[in-house]
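First listed ligand is number 1; within each ligand, the first listed atom is number 1. Just so it is clear, the model here is predicted, and its values are computed rather than measured.
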Amino acid sequence: MGAMNDADLLGQLDASCERVAARLREDSALSDARGAYLLRRSRSDLARVLHAQRFAAARGKLRPLATELSFGMGADGREQKDLEALEIWTPNGRRVLVRGYIDRVDVAEVADELLGVVVDYKRTRDKRLDVSMVYHGLSLQLLGYLIALAQRGETLTGRKLRPIAALYVSSMMKYELVEHPSKAKVSEAGAGTFRPRGMLRQDDLPVLDDVPSGSRSPVYNVAIKKDGDLAHADRSDAAGSANFSDMLAHVEGKVGEFADRILDGAVEVNPYRLGDASPCSWCPMQGVCRFEMGLSDVRFLDRLKRSDVFARVSTRVGPGTPIRSDAMHGSSLKG
Ligand code: SF4
């Protein structure tokens, strides 16, 4: 990525778009003006994302190692898989295998360690990791990928990988308020339009972006105070070492807990409400479901600040807890 100039990069993007367009034409999906417009629009969105990713890569030591990395399953249903399934032991002593795909894995070699980051692309605007949702077990996928990488990444590199960040990369620009369309300007990547969002281990921030004290990262949602402490900790994507490993341990515990519930046949209708969010608003079963919001019991979940989540998770799993699957494989995430 670092060796290519902008013209090379855009040339490759055009070639990829042309390959996709040819396939879509064959399938008659591009026969109308709307299809052609969508392709043009996607191409310009992707060009901006590429520019932002290039900018991010230049700030840190990470380099992409794999894309579309499967664990526990082969691509397109094939048997061949990149990594073994994530293995989790449930609170009731069951061994559960979890499978999935990781969009991208980046690595950096620092001292004698190999550090790993998972990236999840989202066709959305400004996707963030809501730690309240993670705490309640409603958003386990992104950090689950990181646990899979910690447990199974050795297959990829021949060396143990220590996970340092899990990040969403949105592919659509954030909306900006402008007085008139003629006054709209295309934001540069450095201004945060395609800022990768998620959770990163604060001690390893220099691997992603060496942010000097008293400044904020132009790439990640992290600012460092003059005394070296994290600024705006409740809004930052950085987490202290103990909090970071506690969150991974919590996610692993939640996956195990839910696996037990599924295997024990817990299928009662019991939707949650977190602020304005409820699964009923997008549930395809709404037309036939007899649950009535406002009349039936609903599980009200607390919307928590990041610091409250860290405090609760630390109490639940014990401060600085290594993820259990990783501990079973002989390494600790404890900072
Ligand atoms: S509509 Fe019914 S089935 Fe769907 S989430 Fe709500 S309670 Fe559950």
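Salt bridge status for Asp112 with Arg159: absent, with no side-chain N to carboxylate O gap under 4.0 Å.
Arg273 meets the side-chain hydrogen bond (donor to acceptor under 3.5 Å, both in side chains) test with no other residue; sequence neighbours excluded. Partners of Arg235 by salt bridge (Lys or Arg N to Asp or Glu O under 4.0 Å), not counting sequence neighbours: none found.
Note on atom 2 (Fe) of ligand 1: protein N/O/S atoms under 2.8 Å are Cys289 SG.
Among residue pairs with one or both ends in residues 291-308, those qualifying as side chain to side chain donor-acceptor pair (under 3.5 Å) are Asp130-Arg303, Asp234-Ser307, Asp302-Arg312; sequence neighbours excluded.
The cationic atom of Lys122 (NZ for Lys, CZ for Arg) does not lie both less than 6.0 Å from the six-membered ring centre of Tyr168 and within 45° of the ring axis.
Of the N and O atoms on the side chains of Ser171 and Asp45, not one donor lies less than 3.5 Å from an acceptor on the other residue.
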